[in-house]
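Here the structure is laid out as structure tokens; the discussion comes afterwards.
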Amino acid sequence: MLPEYIVFGLTGIGLFVIGLRAALVQAAALARILAINVAGTGIFLVFVTLAYRGHDAAPDPVPHALVLTGIVVAVSATALALALVRRLPATPGEDGDD
Amino acid sequence: MLDAVGLALIGTGLVFFAAGSIGLLRLPDLHSRLHALTKADNLGLGLLAVGVAFLAGDLLIAVKLLLLWLLVLAASAASAHLIARHARLRGQGR
Amino acid sequence: MTNLLVWPVLVPLLGGLATLLAPRLANPLGLACSLATLGAAAALVVVFADQGPMILALGGWAPGLGIALRADGLSVALLAMSSLVGLAAGVYATGYFADPDVRGRFWSLWLLLSAALHALLLSGDLFNLYVTLELLALVAVALTALGGGRAALEAALRYLTIGLLGSLVFLLGVTLLYAGYGTLDLVGLAGALRPEPVAWVALSLLTVGLLIKSALFPLHFWLPPAHANAPAPVSAVLSALVVKAAFYMVLRLWFDVFDPALTQAAANLLGVLGGAAVLWGSWRALRAERLKLLAAYSTVAQLGYLFMFLPLLLALPPGPSRDVAFGALVLLALSHGFAKSALFLGAGVIQQRAGHDRIADLGGTARALPVTTFVLALAGVALIGLPPSGTFLAKWQLLASAIETGQWLWLPIVGIGTLLAGAYCFRVLGHAFGPSDRVGAALAVGGEEIPALLLAITATVVLGLGAAGLWEFLALGTAFDGGSR
Amino acid sequence: MIDSLIDKDWVEALWLILDFALAVLLLGLAAAAVGTRDLRRGIALFIAFGLLVALVWARLRAPDLALAEAAIGAGVSGALLLAALRDVPPSGLPSVGARGLPLWLLNLGSVTLAVLLGWALLLALAGSDGIRLADLALANLEHSGVSNPVTAVLLNYRAYDTFLELGVVLAAVLGVLALGPARRSVRPAGPVLNSLIRLLLPLLIVTGGYLLWIGATAPGGAFQAGAMLAAAAVLLRLGGDATAGLPGAVGQRWLLALGIAVFAAVGLGVSTGGGAFLAYPHDWAGVLILLIEAAAMLMIACALALAYLGGRPAGWTIGDREGG
């Protein structure tokens, strides 16, 4: 019998799929970046659900640390992507070959 | 006994939060929305903080909660002001 | 002595910091650090040849709780290639960027890229692999964008978003494995893995994530614009090393971790996609109008060959015949790495001298830039797979294994792919040897042509003639078997 | 304490209701945030989503993550997103090009994928013994030099991950800086914002220092602390300081290099006696971890502030006069 808090794990899967689908559908780069962040959060939620071991047991610290790393990696990637998005409209195109 | 008082305060605070949220959704223009949101939420949060302080039954925690409430008050007042100012400069009173 | 394993990561990483702090000295500092990285890699090769596989338990914690670095023949061979190509392209880059500012930025990122590649090749931990994968992706994107210009920025943004999706899919696979088997150490995982749905779903996620990163057809669409619009030395390393890093991970995970859960059908699927990549990539390379775009599509095709090895390796019984095929696969990866970086550097020389890289307007190049034209020809020899290149031996072994296992489908694909490769290489050379009214004869050898020449010679002659040594090198054992804890 | 008032079964039921409400809210907010065509609304919803996620982390007994999510996931990401939206007119948003898949196929695929992944997750949990690394990590805590288990994993057991993660941060910020100069124009803030900034700035800095210090024993650490300092920088930028309170370009270069340099120096220093890279001697582990975290905090704060500026501040170009 699986514990009830597994609902968070399944929610994580749901978030991942919602984000993935939106990343494929959305055309605007900024919307895609949002979607990718949502998908990533879904994975983190699965990880943290794995770490949870009930109200009175100490949780598994390893997934917590992995997710913390994941959050920092995600914000770094987001920062680079957003900088590209901010820079693109002001960048002139080339002489038009290819 | 203290617990019951605490729970009652939290319940009252939640009513204010609900009122603020309904106001945000239903009121017609930006200024009245801001008004509903900040006023009701600040009061709601205050009641909530007092309620939690009763439940915790610890003076140190109560002081921390008070400080938190004051911080949120300052931040929400300032951001409400900024939003309203921005709206007025842009000329939209929607 | 085991701390030797961190040096190929630490040296370029600290070098990147040094160039960040002293941007005026970027060129000498960068070259010194590339050289030192090569030294670290060479030390690793020597020690590996002497003592066999190496393991370093970082922080002194047993693998599982801690992270282990592991080196076997495959990772050491790729590491050696990476540091050689990195040094050659770095030497070329010293003259490529005229603006000292851009040069400083380039070198910091360049050395970080080297550190990321080496960290990936040496990592023995699944989550750590994810971190290295992201590090590699972000550095590669930043380097792509260094080209300036709208096309480069757009390609970089697409590269980044696609790459992020790939690494997220990979990370979900990691999550499932931790849920099911409770460890992230590759060796521990290999010991715990059972052939069951959890393992299959996780393997599918990991593989799909990596296929996006290694640009296997039909997930290759982001590669040509990124590789064609990046600065030439960057393109060289993206094509030669970065996509191959993702392929290395496929290889590592499939054969060292998931071996009990593999199915021939899955391998066949990847093989078929590889075959399609060979045909489609070669065809698009033949139709490309720009030399760098041709090189980029050629990378799509060449990666296809690597994936065609997977069904063969799985069908061959473990033992000498599988080892021979595996060696051929590594030889192909190395040869392509050297040849493709040579081709991109050659294209860079042409682009800088002529101001463009349009294939139809290459006339007169053979007179003006004889050495670079020779580089294009040599790289072509290795890309087509003519003797004495390493590619020739590798393709020969591919065919032999296909016949041995009765997988006849690969024979015509290799044949057609080779013909198409011949066509696109000779098309370039045909234009290069063509007449021109514009180019004056300048028969001097430019210093910037030398790195490409050395890379091309390595691909065509050194690897071909030294191939036997590679097989012996790979046979020295693996640090990824269950017994080495 | 509440348990004294309410029946045990009721408490269980309340938890369950709360959990389901959180799950539904999460999914709804996520769908709304990524589904809207109005990006401003999408970003606002995304920030709300981030705060809700922080609440879920708290519910799942991951307070370190709750802090990090609120500060970084919702806070810094939200600030970056809003800055991007401000710089880019919605019509000029670059589009990466959508695939031409029919929508019904995509929806069918999404549902199938969700079912497949959910099934695999349930199988994985049902089939595993549930032991994983928790017991091992907690059992070795006394040898790690810190008593917060998450910090022990981050800076001792798996310190190499964190080391490379600082590399990721560096790579991202170098990429941002390579793209071009930062926007110089700043709008002066009004009196209300200025007084709020004057109030919050010292608070943020003190909180950052506190989070860094407390990370050894309680939730907190370099990343949360760095995000606090970065928030202070963002506030300063909003208040009209073009360089967001950062030191000059040379100082910025040093700050960016600091995190990795100190980490590597400690890792190598402890290995000189024949130990492995990053194997801290037991008596020194706590101090060394704090040292690494302090350097990492400064680096992360500087990197996030530069990312918010979105380009090179004055002085980064060789030959540029510093400052200005």
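Scope of the values below: all heavy atoms of this structure, side chains included, with no hydrogens, waters or symmetry mates. Chain naming here is simple, since letters A, B, ... match the order of the sequence lines and numbering starts at 1 in each.
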For the ring pair Trp110(C) and Phe106(C), is the centre-to-centre distance below 6.0 Å? yes
Could you grab the distance from atom [atom1] of [X] to atom [atom2] of [Y], nearest 0.5 Å is fine?
{"X": "Leu255(D)", "Y": "Arg253(D)", "atom1": "CG", "atom2": "CZ", "value": "12.5 Å"}
{"X": "Leu13(C)", "Y": "Leu112(C)", "atom1": "CG", "atom2": "CG", "value": "6.0 Å"}
{"X": "Leu143(C)", "Y": "Leu238(C)", "atom1": "CG", "atom2": "CG", "value": "7.0 Å"}
{"X": "Ser167(C)", "Y": "Ile162(C)", "atom1": "OG", "atom2": "CD1", "value": "11.0 Å"}
{"X": "Leu113(C)", "Y": "Trp107(C)", "atom1": "CG", "atom2": "CH2", "value": "11.5 Å"}
{"X": "Phe223(D)", "Y": "Ile72(D)", "atom1": "CZ", "atom2": "CD1", "value": "7.5 Å"}

Leu14(C)/Leu111(C) under side chain to side chain contact (heavy atoms under 4.5 Å, CB included): CA gap, chis, key distance, verdict: CA-CA 8 Å; Leu14(C) 295 177; Leu111(C) 291 167; over 6 Å; no
Any donor and acceptor pair, going by atom type alone, linking the side chain of [X] with main-chain N or O of [Y] inside 3.5 Å?
{"X": "Thr144(C)", "Y": "Ala140(C)", "answer": "yes"}
{"X": "Ser271(D)", "Y": "Leu268(D)", "answer": "yes"}
{"X": "Trp316(D)", "Y": "Gln252(D)", "answer": "no"}
{"X": "Trp57(D)", "Y": "Asp64(D)", "answer": "no"}

Mind listing the closest non-hydrogen atom pair of [X] and [Y] along with its distance?
{"X": "Leu20(C)", "Y": "Ser108(C)", "result": "N-OG, 3.6 Å"}
{"X": "Ala202(C)", "Y": "Gly173(C)", "result": "CB-O, 3.9 Å"}
{"X": "Pro313(D)", "Y": "Leu306(D)", "result": "CG-CD2, 3.6 Å"}

Using non-hydrogen atoms only, which part of [X] is less than 4.5 Å away from chain D: side chain, backbone, both, or neither?
{"X": "Val9(C)", "result": "side chain"}
{"X": "Asp99(C)", "result": "neither"}
{"X": "Leu58(C)", "result": "both"}
{"X": "Leu172(C)", "result": "side chain"}
{"X": "Tyr130(C)", "result": "neither"}
{"X": "Trp7(C)", "result": "side chain"}
{"X": "Leu205(C)", "result": "side chain"}
{"X": "Ala57(C)", "result": "backbone"}

Which residue out of [options] racks up the most heavy-atom pairs below 4.5 Å with chain D?
{"options": "Leu109(C), Leu146(C), Asp125(C)", "answer": "Asp125(C)"}
{"options": "Ala156(C), Ala18(C), Gly59(C)", "answer": "Gly59(C)"}
{"options": "Val6(C), Val139(C), Thr175(C), Leu56(C)", "answer": "Val6(C)"}
{"options": "Ala179(C), Ala142(C), Ala199(C)", "answer": "Ala179(C)"}
{"options": "Val131(C), Leu65(C), Leu135(C)", "answer": "Leu65(C)"}

Sorted by number, residues from residues 136-147 of chain D in contact with chain C (heavy atoms, under 4.5 Å): Leu136(D), Ala137(D), Asn140(D), His143(D)
Who in residues 153-170 of chain D is close to chain C, using a strict under-4.5 Å heavy-atom cut-off? Asn156(D), Tyr157(D), Arg158(D), Tyr160(D), Asp161(D), Phe163(D), Leu164(D), Glu165(D), Gly167(D), Val168(D), Leu170(D)
Cut-off 4.5 Å, heavy atoms of chain C, and the answer for Leu121(D) is both
With a 4.5 Å heavy-atom cut-off, do Val266(D) and Tyr280(D) have their side chains touching? yes
Tell me, with the steps shown, if Glu196(C) and Leu123(D) meet side chain to side chain contact (heavy atoms under 4.5 Å, CB included). CA-CA 10 Å; Glu196(C) 58 185 355; Leu123(D) 275 184; over 6 Å; no
Taking Gly175(D), Gly180(D), Ala171(D) one by one, which has the highest count of heavy-atom pairs under 4.5 Å against chain C? Ala171(D)
